[in-house]
Amino acid sequence: MSGYFGTEVQQRLQAQAEASVDFVNATPGACQTGRTMGCDDPDRFGWELIDGILNRDGICGFRMIPASKADELKSRLAKRGFRFDSWDVFSADRASALATSEAIIGRGLPDGLVDQGMPAEPEGEYTARIQAFMAASGVVPFSGSLLAGTLGPATTVVVGDETGTVAATAHGYLAHNSYSAYHRYAWGGLVAVAQSQRGRGLGNYINARMIVSVFRDLHATHIYELVSASNLPSRRMVESCGLRRDPAVVCGVATPGDSARFTR
C-alpha cells in the first residue's frame, strides 16, 4: 500500500498510476496525472495505448493538449463512447509568478493559523488527515506516495491552526517526463480551504506558498493550474498569484459518456 485514499475506484486508479511510474518516465507522450494514467501528446503516445488504458481503467487524463487539436480529440473519444471534460489552463513562468506569490506570503497568515510541514510518510497519520481534509472539501486527493513526494519531485503545503487541525492545503509536482516540451512545468492544484476559514485570504496564501515551493524547491520553470470555466473564485485566486489563462492549450479527462464528472 502507498497511502491510497477514496472510493474503491479512486484507489484502484491511484494504484495503477503508481505502478506505471517507470513506464510514464520512459514513454514519449505519457505523463503523470496523479489520479489516473495520463497523456500529454496523443500523437507520440499512440491511440493503441490510449485505447488500452480506456478499456482497462475506463478513464484517461490529458494534459497540455493544443487547443487546435481539442475537437479532434473529443471526436475520437466520442466514437469510443467517452466524453472529454476539460478545464481552462492558467500558467505563468518563474518571473511572473514567484515575486507575486512571495509578496502574498509576506503579508502573513490570519491570526491563529500556522504553516505546517510537508507529509513525509505515504501511510502516515498526518498524510491521512490531509487526504481526508481534501476529500471533505470536495477535492479528490492523490495517493500518500505522491503527496509525500516519494515517486518524484513534489511539494505538499499545509496550513493549520494551533491545535494541528488542517485548515488549508495545496500540492504541486513535475508531471511531465524528459521527452515532453513541458518537462520542467509544474502542475499545481489540490487547493482546499476549510469552510470555517474561507473569506480570510487563505486560498491565495496556500496557493502562493505552493507556487513558491515548486520554483524554489522543485526548480520548475513554469507553473500551470486548471480551473473550470464556472469557478470564478478559483480563477481569481490563481490570477492573484500571477497566472493568466493560456487559450493555446487545454487539459481534461476522458470518462464514459454516461458517467459523472470525475473531479470538479
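For this chain, numbers begin at 1 and follow the sequence in order. Just so we're clear, the structure is a prediction, and the values are computed from it rather than from any experiment.
Residue Asp115 holds its CG atom at 5.0 Å from CG of Leu109, rounded to the nearest 0.5 Å. Summarising the geometry, atom SG belonging to Cys241 is positioned 12.5 Å from atom CZ belonging to Phe90; distances are rounded to the nearest 0.5 Å. To the nearest 0.5 Å, atom SG of residue Cys60 and atom CG of residue Asn55 are 11.0 Å apart. The distance from the CZ atom of Arg198 to the OG atom of Ser137 is 6.0 Å, given to the nearest 0.5 Å. For the atom pair CD1 (Ile105) and OG1 (Thr100), the distance works out to 11.5 Å, reported to the nearest 0.5 Å. Taking CG from Leu147 and OG1 from Thr127, the interatomic distance works out to 7.0 Å, rounded to the nearest 0.5 Å.
Using a 4.5 Å heavy-atom threshold, the side chains of Pro42 and Ile65 count as touching. No side-chain heavy atom of Ile211 sits less than 4.5 Å from a side-chain heavy atom of Ile104. In this structure, the side chains of Pro110 and Gln197 stay at 4.5 Å or more apart for every pair of heavy atoms. With contacts defined as side-chain heavy-atom distances shorter than 4.5 Å, the pair Ile50/Phe82 does not qualify. Under the 4.5 Å side-chain criterion, counting only non-hydrogen atoms from C-beta, Glu225 is not in contact with Trp187. Side chains of Val114 and Val159 form no contact here, defined as non-hydrogen atoms less than 4.5 Å apart. Two residues are said to be in side-chain contact when any heavy atoms from C-beta on lie closer than 4.5 Å; Val89 and Leu226 meet this criterion. Asn207 is listed as a side-chain neighbour of Met210, based on a closest heavy-atom distance under 4.5 Å.
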* Asked: What's the verdict on ring pair (Phe, Tyr, Trp, His ring centres under 6.0 Å) for Tyr224 and His222, showing C-alpha distance, side-chain angles and the deciding distance?
  -> CA-CA 7 Å; Tyr224 69 94; His222 296 72; 9.9 Å; no
* **Arg35/Leu13 under side-chain contact (heavy atoms from CB on, under 4.5 Å): CA gap, chis, key distance, verdict** => CA-CA 6 Å; Arg35 303 180 180 103; Leu13 292 172; 6.0 Å; no
* To do: Given side-chain contact (heavy atoms from CB on, under 4.5 Å), test Tyr173 with Leu146 step by step and report yes or no.
  => CA-CA 9 Å; Tyr173 74 108; Leu146 287 172; 5.5 Å; no
* Stepwise side-chain contact (heavy atoms from CB on, under 4.5 Å) check, Phe133 with Val158 -> CA-CA 11 Å; Phe133 173 80; Val158 184; over 6 Å; no
* Asked: What's the verdict on side-chain contact (heavy atoms from CB on, under 4.5 Å) for Thr169 and Val191, showing C-alpha distance, side-chain angles and the deciding distance?
  -> CA-CA 5 Å; Thr169 64; Val191 177; over 6 Å; no
* To do: Determine, stepwise, if the pair His183 / Ser178 fulfils side-chain hydrogen bond (donor to acceptor under 3.5 Å, both in side chains).
  => CA-CA 5 Å; His183 177 49; Ser178 61; 5.5 Å; no
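At most 12 heavy atoms of other shown residues, nucleotides or ligands fall within 6.0 angstrom of atom CD in Glu121.
Arg184 pairs by the side-chain contact (heavy atoms from CB on, under 4.5 Å) definition with Leu174, His219, Thr221, not counting sequence neighbours.
For residues 44-67, the set of pairs meeting the salt bridge (Lys or Arg N to Asp or Glu O under 4.0 Å) definition, not counting sequence neighbours, comprises Asp51-Arg80.
A donor-acceptor pair under 3.5 Å is absent between the side-chain atoms of His171 and the main chain of Val157, judged by distance alone. Tyr126 contributes a side-chain N or O that, together with a main-chain N or O of Gly117, makes up a donor-acceptor pair within less than 3.5 Å.
Hydrophobic clustering of Ile, Leu, Val, Met, Phe, Trp and Tyr side chains at less than 4.5 Å, counting indirect connections, unites Ile53 with Phe23. Criterion: ILVMFWY side-chain heavy atoms under 4.5 Å apart, direct or through other members. Under it, Leu218 and Met118 are not part of a common hydrophobic cluster. Residues Phe62 and Phe142 do not share a hydrophobic cluster, defined by chaining ILVMFWY side chains whose heavy atoms lie under 4.5 Å apart. If you chain together hydrophobic residues whose side chains sit under 4.5 Å apart, Met237 and Leu113 fall into the same group. With hydrophobic clusters built from ILVMFWY side chains whose heavy atoms lie under 4.5 angstrom apart, Phe45 shares a cluster with Leu73.
Looking at every heavy atom in both residues, Trp47 comes nearest to Arg76 through CD1-NH1, 2.9 Å. Ala26 and Tyr179 get closest at one heavy-atom pair: O-CE1, 3.5 Å. Here the closest heavy-atom approach between residue Ile206 and residue Ala168 is recorded as CD1-O, 3.9 Å. Across every non-hydrogen atom of Ile223 and Gly188, the tightest pair is CD1-N, 3.8 Å. Nearest approach of Ala220 to Ala186, heavy atoms of both residues: CB-CB, 3.8 Å. For Gln32 against Thr36, the heavy-atom pair with the smallest separation is OE1-O, 4.1 Å.
In summary, the side chains of Ser143 and Ser145 do not present any donor paired with an acceptor at a separation below 3.5 Å, with no hydrogens or angles considered. No hydrogens or angles considered: nothing links the side chains of Tyr182 and Asp41 as a donor-acceptor pair under 3.5 Å. Judged by distance alone, the side chains of Asp40 and Ser180 do bring a donor and an acceptor atom under 3.5 Å apart.
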Using atom types as modelled, flag every donor-acceptor pair under 3.5 Å from a side chain in residues 244-253 to any protein atom, sequence neighbours excluded.
from, atom 1, to, atom 2, distance (Å)
Arg244, NH1, Glu239, O, 3.0
Asp246, OD1, Ala248, N, 3.0

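Between Glu8 and Arg12, none of the side-chain N atoms (NZ, or NE/NH1/NH2) sits under 4.0 Å from a carboxylate O, so this pair counts as no salt bridge.
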